[in-house]
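Beneath this line is the structure, given in structure tokens, with notes to follow.
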Protein chains: 2
Amino acid sequence: MPTFADPAAPDTDDAAASARRPRARRKEARPSELTAAALDLFVEKGFAATRLDDVAARAGVSKGTLYLYFDSKEALFKAVVEEGIVPALAAAEQRFAEYEGSSAELLRSLLLGWWQQIGNTRLGGVPKLIISESRNFPEIAQFYHDRVISRGRSLLRAALQRGVAAGEFRPLDIESCIDVIIAPLLMLTVWRYSLCSCGNDIEPERFLDTQFGILIHGLLAAPEGAR
Amino acid sequence: MPTFADPAAPDTDDAAASARRPRARRKEARPSELTAAALDLFVEKGFAATRLDDVAARAGVSKGTLYLYFDSKEALFKAVVEEGIVPALAAAEQRFAEYEGSSAELLRSLLLGWWQQIGNTRLGGVPKLIISESRNFPEIAQFYHDRVISRGRSLLRAALQRGVAAGEFRPLDIESCIDVIIAPLLMLTVWRYSLCSCGNDIEPERFLDTQFGILIHGLLAAPEGAR
DNA sequence: GATAAATTACTGACCGGTCAGTCATTAATT
DNA sequence: AATTAATGACTGACCGGTCAGTAATTTATC
């Protein structure tokens, strides 16, 4: 069962197989093959500039077939998000609910999890995509806001409140704190999927290190010497 | 030559004037009217999604006229940047060359100047536009990189080096420091021109305050006691 | 100062190419 | 044979760019 979070499972058996057996009928596998292909192209070209002919071709299928499984281009995109990002978010909520360590560790775990399951995978291009196209496709923006952004912010909010309640973090303006936390992460993916490819390179690990350092240093309640 | 008999002269609204006098000939004024209209639409819709018919209409002119003054859509965009952003950059370079105060003040002045002349004007949408479309229009990305980004980074680099050389700032990894400085500014404009319009509001002043605070606190050499 | 001729800013219909979405046909499976 | 997954030619809307034509303005002539 191929998922696009796993780069080790290339399309050797789906698209290529279809190339060998032109009209093979594989009802079960098609949707995920199509969303995987769509993710690649959406991230590379953006939503508007991605042609459904190309998505279908990459999935080893014709455009008509694509329309058997998805009602429209927008529906296809929604499926990509639903399949790729929402599960990661659900997993993070699960981790949060069961967590028992310090809030700083929890926060670190959440952000690191985001980096490993979204930021540093093919899904990392999605935030930039949303930012780029939200004006022209308000319905998509709304969908993403409801399904991802608001849930993600709630998670961060809960983590921060947990830390403040325990006296571990100093009293914070939670909302603007959320912004400050996610801004550099977003920026990183935005950078990666835009100017990076034309001379303005950036080193993710170092950038994140710097930002993490500033963040933790700025949040903690008691500035102890051990830092 | 415009005379006092010209009824369009006292009118501030170019497009409206043209609407009253359909085919009036105003060779001098057209280019700037067109770039102004183009900036509005490019920022609102993006480069690809902006129709030249609309740009022309907003400037009170037909599409054919647009092509009398600009060779292509790309040329129009380049003119927008050349006319709107490059002069502000040149002014900043000028201010830098003549500056004599502290480097912290200089830095503050540069960033504030950016906010007032670019970030907080209609031009503020341009960075997001570039980020959004650089992949699909590499020539535009290259142009913007050469004309704006590299010059802007050079300016920041010089300001930081000035501070380090004077012992005012601690020794810094200049390049990554540049990234850390501009990331939140970029993020602010990106935010403003994308998700903001759909429920995720942000307060620029407060956001910038927070970031400025963190930044200055992190740069200074050793204001008091140990570190 | 009036009129005609020349110039050129401006127009908008048109062209070629693109692409989301449709549907009659074809072929794999049961 | 019946069912249905898959196809790809087709449609209609859209848009960057073109160009033959139109009209505002200037220059030449009387």
Side-chain angles (χ1 to χ4, degrees), chain A residues 14-34 37-38 41-42 44-80 133 136-137 139-140, chain B residues 1-3 5-9 14-15 17-34 37-38 41-42 45-80 133 136-137 139-140:
Chain A
D14 34 4
S18 295
R20 284 193 299 276
R21 294 175 44 203
R23 293 172 69 107
R25 300 170 64 170
R26 302 170 56 245
K27 187 177 180 178
E28 307 305 320
R30 295 299 189 212
S32 62
E33 289 170 8
L34 284 164
L41 289 172
F42 282 153
E44 187 186 326
K45 310 251 196 200
F47 179 77
T50 292
R51 286 168 296 178
L52 293 185
D53 270 314
D54 288 348
V55 172
R58 177 174 285 232
V61 118
S62 74
K63 190 168 61 170
T65 300
L66 193 157
Y67 274 90
L68 290 180
Y69 296 99
F70 302 97
D71 288 342
S72 66
K73 201 181 187 184
E74 284 202 7
L76 176 62
F77 177 78
K78 289 179 181 175
V80 167
E133 318 255 12
N136 294 116
F137 300 93
E139 203 179 311
I140 284 183
Chain B
M1 269 300 170
T3 72
D6 183 2
D14 317 314
S18 294
R20 281 194 296 279
R21 294 182 46 202
R23 293 176 68 107
R25 299 169 64 172
R26 300 170 56 242
K27 188 178 180 180
E28 308 304 321
R30 295 300 188 212
S32 62
E33 289 171 8
L34 284 164
L41 290 172
F42 282 153
K45 309 252 195 198
F47 179 77
T50 292
R51 287 168 297 179
L52 293 185
D53 270 315
D54 288 348
V55 172
R58 178 175 287 231
V61 118
S62 74
K63 189 167 62 169
T65 299
L66 193 159
Y67 274 90
L68 291 179
Y69 296 100
F70 302 97
D71 288 343
S72 65
K73 202 182 189 185
E74 285 203 7
L76 176 62
F77 177 78
K78 288 179 181 175
V80 168
E133 319 253 13
N136 293 115
F137 300 92
E139 202 180 310
I140 283 182

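Letters go in sequence order (proteins before strands), and every chain restarts at 1.
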Q. Is the number of heavy atoms from other residues, nucleotides or ligands under 6.0 Å of B:E139 CD greater than 12?
A. no
Q: From the options D:dT18, D:dA5, D:dC15, select the nucleotide whose nearest atom is closest to the side chain of A:L68.
A: D:dA5
Q: Please figure out whether A:A49 or A:G64 has its closest DNA chain C nucleotide nearer the 5' end.
A: A:A49
Q: Give a yes or no on whether a donor-acceptor pair under 3.5 Å exists between the nucleobase atoms of D:dG17, that is its base, and the side chain of B:K73.
A: no
Q.
Students often get this wrong, so: under 4.0 angstrom with heavy atoms, is B:L52 touching a base, only sugar-phosphate, or nothing?
A. sugar-phosphate
Q.
Could you tell me how far apart A:L34 (CG) and D:dA5 (P) are, to the nearest whole angstrom?
A. 14 Å
**Q.** Spacing between A:F70 atom CZ and D:dA6 atom P, to the nearest angstrom
**A.** 12 Å
Q. Which class fits the ring pair A:F42 and A:F77: parallel under 30°, tilted 30 to 60°, perpendicular over 60°?
A. perpendicular
Q: Assess whether side chain to side chain contact (heavy atoms under 4.5 Å, CB included) is satisfied between A:R58 and A:L41, documenting all intermediate values.
A: CA-CA 9 Å; A:R58 177 174 285 232; A:L41 289 172; 4.1 Å; yes
Q) Quick one: A:R30 CZ to C:dT29 C1', roughly how many Å, whole number? A) 14 Å
Q: Tell me which nucleotide among D:dG17, D:dT7, D:dC15 gets nearest to the side chain of B:S72.
A: D:dG17
(Q) Counting only side-chain nitrogens and oxygens, does B:S62 get under 4.0 Å of the OP1 or OP2 atom of C:dT11? (A) yes
Q.
Expressed as a whole number of angstroms, how long is the span from A:L41:CG to C:dA20:P?
A. 11 Å
Q) Looking across every strand, which nucleic acid part, if any, lies under 4.0 Å from A:Y69 by heavy atom: base, sugar-phosphate, or nothing? A) sugar-phosphate
Q | Nearest-angstrom distance from the residue atom CG of A:D53 to P of C:dG21 | A | 12 Å
**Q.** Length of the CG-P vector between A:L76 and C:dC19, whole Å
**A.** 16 Å
Q) A:Y67 has a side chain; which of D:dT18, C:dG21, D:dC15 sits nearest to it? A) C:dG21
(Q) If you only use heavy atoms from C-beta on, which nucleotide in C:dC19, C:dG21, C:dT11 is closest to the side chain of A:K63? (A) C:dG21
(Q) Would the distance check show the side chain of B:K73 and the main-chain N or O of B:F47 forming a donor-acceptor pair, the cut-off being under 3.5 Å? (A) yes
Q) A:F42 has an atom CZ; how far is it from atom C1' of C:dC19, in whole Å? A) 13 Å
